[in-house]
J.: 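I am attaching a structure below and will ask some questions about it afterwards.
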Amino acid sequence: MKWVYIEDIYQYAGQEVEIRGWVYNKRSSGKVRFLLIRDGTGIIQGTIFSENKDFPLFQLFDGLTQESSLIVRGLVRTDKRAPGGYELEIKELEVIQIAEDYPITPKEHSVAFLMEHRHLWLRSQKQHAVLQVRAETVRAIRDFFNDRSFRLMDTPILTPNACEGTTTLFETSYFDQKAYLSQSGQLYNEATAAAFGKVYCFGPTFRAEKSKTRRHLIEFWMVEPEVAFATLQDIIELGQDLIMFILERVLERRRADLEILERETAPLERISKPFPQVTYDQAVKLLQERGSPLAYGDDFGAPEETKLSEIFDQPVCVTHFPAKIKAFYMQPDKDRPDLALGVDFLASEGFGEIIGGGQRIHDLNLLEQRIKEFNLPAEAFKWYTDLRRYGTFPHSGFGLGLERTVAWLCKLAHIRETIPFPRLLYRIYP
RNA sequence: UCCUCGGUAGCUCAAUUGGCAGAGCGGGUGGCUGUUAACCACUAGGUUGCAGGUUCGAGUCCUGCCCGGGGAGCCA
């Protein structure tokens, strides 16, 4: 008999098939037994009927516990009463294992308990839906850049120096030297951009910040494109195209998952290019008009980001930040050297920053001066300044945080559910 | 790191002024001809986070510690 997956079950109505999976739930009523089976691709209701109380399949059914693993064979039928519209009339039931009492029940649990059982929590429908959206987002990102002839250039995770001196790094030993876990692939992207024109890297990054909020992970995934000869405005366009591409793809292919998450799609569907674009000055003015205590020169905190994204009904691009509050490599504005040619994309519905990027300094003298001003070790940045010695080129890029993007798409209260095994400030188990 | 809230049955929670530690879910047993987090009956299940203190008596009050939730700063 053919082994099939539940997501393909509609192709087999009227046929006998085999399904391999786990018990999701069960119900019984006299001469009928209902078995909800999940196989990783979906859930289907299996039915067993008999007039005979001692029917052998009933005895097997009665011994099943939640998450017991099994193989069932039976007839696929359409039935309006079945969740999903299809059900399996079970003819054979082969138990692989009767599971021990499963800790996660169909009722409520606390966050702490669920995080402690993350390895099992992944099996629940909502977690399944979130991670399906994540997988689709990753696929969309790769398709977007590959279709536009960006070259994937994997950057190292073990690095000898800080990309941005301000952030805390995870230190590890590298034989008789020290090494740090990468917090961004950007500096290396600038080197590969000079070799390949337009590049991107996509991988995990690590920040040893003691952040304990709904939008921070210690280990998170970031996609970072870098384009030789691109200006700030060029990569703002690129960022908008990327976000539109991801949005359309997820709305097209993962609508069922968004429904499981009870995520309203209308606010996502009305997003269109071009996104509103404001300078830092304009943003501060907008915030102050609405009663924010923000002073000029302050960086936006979470409340400001939330407020800004609520003012517009769209993702917002904020540009031209005071250079003081931004990274050392940011290109200053021609007319206002105190402003950096950087951009932050704030997602709609109060989700805050999902993209940060900008134009990089390409002038050797200016870059060396900045490295000094930021008290960075010049020697460690020798290779980086070399890029300005041998055919320097204006260039721009950005980083998009995968988990924040998925949290926004799914409208989740906390980023921890957007990655299978989140690394958080006080949690590295499981 | 700081602010704030919490820790009671496997899970989610309740316990009035300091006065017999309880319910729902889950488990077990039985019942029910189509269930949708099914339902009904019965049943087992406790070092009240840890250590001290006050008191005739502490889940409840006090001190210290441990663990966790929410938030801030920083950032994607």
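For the numbers below, each heavy atom of this structure counts, side chains included, while hydrogens, waters and symmetry mates do not. Computed from a predicted structure; not experimentally measured. Lettering follows sequence order; numbering is per chain, from 1.
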J.: Can you check the A/Asp101 CG to B/rC11 P distance for me, whole Å?
T.: 12 Å

J.: Taking A/Gln125 for the side chain and A/Asp257 for the main chain, is one N or O donor matched with an acceptor at less than 3.5 Å?
T.: no

J.: Nearest whole angstrom, please: distance from the P of B/rU35 to the CD of A/Glu87.
T.: 12 Å

J.: Considering every strand and a 4.0 Å limit on heavy-atom distances, what is the contact class for A/Ile355: base, sugar-phosphate, or nothing?
T.: sugar-phosphate

J.: Considering only atom P, compute the distance from B/rG64 to B/rG73 and round it to an integer number of Å.
T.: 29 Å

J.: How far does the C1' atom of B/rU60 sit from the matching atom of B/rC3, given to the nearest Å?
T.: 26 Å

J.: Could you tell me the Watson-Crick or G-U partner of B/rA41, where both distances fall under 3.5 Å? Say none if there is no partner.
T.: B/rU29

J.: Send over the distance from A/Tyr86 OH to B/rG34 P, rounded to a whole Å.
T.: 25 Å

J.: Establish, from distance only, whether the side-chain atoms of A/Gln66 and A/Thr105 form a donor-acceptor pair under 3.5 Å.
T.: no

J.: Tell me yes or no: between the side chains of A/Glu237 and A/Gln233, is some donor less than 3.5 Å from an acceptor?
T.: no

J.: For A/Phe58, is the NZ or CZ atom of A/Arg33 found under 6.0 angstrom from the centre of its six-membered ring and inside 45 degrees of the ring axis?
T.: yes

J.: Tell me the partner of B/rG22, counting only Watson-Crick (N1-N3 plus N6-O4 or O6-N4) or G-U wobble (N1-O2 and O6-N3) with both under 3.5 Å; none if nothing fits.
T.: B/rC13

J.: CD1 of A/Ile325 versus P of B/rA76: gap in Å, rounded?
T.: 12 Å

J.: Partner lookup for B/rU63, please. Criteria are Watson-Crick or G-U wobble with both distances under 3.5 angstrom; report none if nothing qualifies.
T.: B/rA51

J.: Is any side-chain N or O of A/His109 under 3.5 Å from a base N or O of B/rC11, one able to act as donor and the other as acceptor?
T.: no

J.: Taking any heavy-atom pair under 4.0 Å as a contact, classify A/Glu116: base, sugar-phosphate, or nothing.
T.: nothing

J.: Classify the nucleic acid contact of A/Phe49 as base, sugar-phosphate or nothing, counting any heavy atom under 4.0 Å across all strands shown.
T.: base

J.: Given B/rG34, B/rU12, B/rA76, which nucleotide is nearest the side-chain atoms of A/Asp79?
T.: B/rG34

J.: Rounded off to whole Å, could you give me the CD1-to-P distance for the A/Ile243 and B/rA76 pair?
T.: 14 Å

J.: Does a donor on one side chain and an acceptor on the other come within less than 3.5 Å for A/Asp281 and A/Thr279?
T.: no

J.: Quote, to the nearest angstrom, the C1' distance that separates B/rA58 from B/rC32.
T.: 47 Å

J.: Could you tell me whether A/Arg263 and A/Glu349 have a side-chain N and a carboxylate O separated by less than 4.0 Å?
T.: yes

J.: For A/Phe220, which contact category applies under a 4.0 Å heavy-atom criterion: base, sugar-phosphate, or nothing?
T.: base

J.: Does any donor atom in the side chain of A/Tyr329 or A/Gln186 lie under 3.5 Å from an acceptor atom in the other side chain?
T.: yes

J.: What's the CZ-C1' distance between A/Phe351 and B/rC75, to the nearest Å?
T.: 17 Å

J.: Compare side-chain N and O positions of A/Ser110 against OP1 and OP2 of B/rU12 and report whether any pair is under 4.0 Å apart.
T.: yes

J.: I'd like to know if A/Arg27 reaches the base of B/rC32 with its side chain such that a donor and an acceptor end up less than 3.5 angstrom apart.
T.: no

J.: Could you work out the separation of B/rA41 and B/rU4 based on their C1' atoms and round it to a whole Å?
T.: 46 Å

J.: How long is the line joining CZ of A/Arg81 and C1' of B/rU33, in whole Å?
T.: 11 Å

J.: Is the ring centre of A/Tyr188 less than 6.0 Å from the ring centre of A/Trp383?
T.: yes

J.: Does B/rA58 have a Watson-Crick or wobble partner in any strand here, with both distances under 3.5 angstrom, and which is it?
T.: none

J.: Expressed in angstrom and rounded to an integer, what is the separation of A/Trp408 atom CH2 from B/rA76 atom P?
T.: 18 Å

J.: Are A/Tyr200 and A/Asn146 close enough that a side-chain donor and a side-chain acceptor fall under 3.5 Å?
T.: yes

J.: Suppose you measure atom P in B/rU12 against the same atom in B/rG69; what distance do you get, rounded to whole Å?
T.: 13 Å

J.: With rounding to the closest Å, how many angstrom separate the P atoms on B/rU8 and B/rC50?
T.: 10 Å

J.: Starting at the 5' end of RNA chain B and moving along, which residue's nearest nucleotide shows up first, A/Lys80 or A/Gln66?
T.: A/Gln66

J.: Roughly how many Å apart are B/rC61 and B/rC74, using the C1' atom of each and rounding to a whole number?
T.: 40 Å

J.: Between protein and nucleic acid, restricted to nucleotides 68-70 of chain B and to nitrogen or oxygen atoms under 3.5 Å apart, what atom pairs and distances do you find?
T.:
unit_1: B/rG68; atom_1: OP1; unit_2: A/Tyr426; atom_2: O; d: 3.2
unit_1: B/rG70; atom_1: OP1; unit_2: A/Arg416; atom_2: NH1; d: 2.8
unit_1: B/rG70; atom_1: OP1; unit_2: A/Arg416; atom_2: NH2; d: 2.5
unit_1: B/rG70; atom_1: OP2; unit_2: A/Arg416; atom_2: NH1; d: 3.4
unit_1: B/rG70; atom_1: N7; unit_2: A/Lys212; atom_2: NZ; d: 2.9

J.: Looking at every strand, decide which applies to A/Gly301 at a 4.0 Å heavy-atom threshold: base, sugar-phosphate, or nothing.
T.: sugar-phosphate

J.: At 4.0 Å (heavy atoms only), tell me whether A/Gln125 reaches a base, stays on the sugar-phosphate, or touches nothing.
T.: nothing

J.: Checking A/Lys26 side chain against A/Asp62 main chain: does a donor-acceptor pair fall under 3.5 Å?
T.: yes

J.: Nearest heavy atom decides the nucleotide; on that basis, is A/Leu425 or A/Asn25 closer to the 5' end of RNA chain B?
T.: A/Leu425

J.: Taking the same atom, P, in B/rG71 and in B/rG53, what whole-Å distance lies between them?
T.: 39 Å

J.: Report the base-pairing partner of B/rG34 (Watson-Crick or G-U wobble, both distances below 3.5 angstrom), or none.
T.: none

J.: Which nucleotide, if any, forms a Watson-Crick or G-U wobble pair with B/rC2, using both distances under 3.5 Å?
T.: B/rG71

J.: Using a cut-off of 4.0 Å on non-hydrogen atoms, how would the nucleic acid contact of A/Pro103 be classed: base, sugar-phosphate, or nothing?
T.: nothing

